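These notes are about the structure you will find just below.
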Amino acid sequence: SLMKKTYILKQTFDVDISTLGFFEHEKPQVNYTEFNSLDDLLHYLKTNIRDWDDKVFDYTDVQHYCENLGFEVFARML
């Protein structure tokens, strides 16, 4: 049987938890999203990742998002 490759996007966000009564103001939250192809992953980044002014970034490939925004991408064989 042929193995299928998927791509996992790892995003880490700082979440303000001071409203929850904790002493720490920020706690990193990690989010994983799986995609069937790098094209699907890039489309997700281009349409869903926005800057502080709610504008999409003009990066042309997944590597630019990873380098500039600290995302990580892993390939997984199924």
Side-chain angles (χ1 to χ4, degrees):
S1 64
L2 293 173
M3 296 188 74
K4 179 183 174 192
K5 183 187 275 189
T6 63
Y7 296 89
I8 310 294
L9 172 66
K10 178 183 177 184
Q11 298 166 276
T12 304
F13 304 97
D14 287 332
V15 178
D16 188 345
I17 60 171
S18 60
T19 56
L20 301 177
F22 294 97
F23 291 109
E24 303 97 330
H25 287 287
E26 290 185 345
K27 179 180 181 183
Q29 175 181 329
V30 179
N31 184 43
Y32 295 94
T33 312
E34 188 169 9
F35 299 90
N36 290 322
S37 70
L38 281 177
D39 287 339
D40 289 348
L41 195 161
L42 183 59
H43 177 75
Y44 169 84
L45 293 172
K46 285 186 170 186
T47 55
N48 292 287
I49 305 303
R50 298 173 183 274
D51 65 16
W52 294 107
D53 295 323
D54 202 35
K55 294 181 180 146
V56 294
F57 293 91
D58 61 352
Y59 302 141
T60 56
D61 58 40
V62 172
Q63 184 176 349
H64 282 113
Y65 283 92
C66 292
E67 290 173 352
N68 294 299
L69 302 175
F71 298 157
E72 295 177 78
V73 174
F74 305 94
R76 181 166 81 164
M77 301 301 288
L78 301 175

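Bear in mind the structure is a predicted one, so any value in this text is a computation, not a measurement.
Atom CD of Q11 and atom CG of N48 lie 9.0 Å apart (nearest 0.5 Å). To the nearest 0.5 Å, atoms NZ (K5) and CG (L78) are separated by 11.5 Å.
The nearest pair of heavy atoms linking K46 to V56 is O-CG1, 3.3 Å.
Judged by distance alone, with hydrogens and angles left aside, the side-chain atoms of D53 form no donor-acceptor pair with the main-chain N or O of K55 at under 3.5 Å.
Under the side-chain hydrogen bond (donor to acceptor under 3.5 Å, both in side chains) criterion, Q63 pairs with E67, not counting sequence neighbours. For H43, there are no side-chain hydrogen bond (donor to acceptor under 3.5 Å, both in side chains) partners, not counting sequence neighbours.
Apart from F71 itself, the hydrophobic cluster it occupies contains Y7, L9, F35, L38, L41, L42, Y44, L45, I49, F57, Y59, V62, Y65, L69, V73, where clustering links Ile, Leu, Val, Met, Phe, Trp and Tyr at side-chain heavy-atom distances under 4.5 Å.
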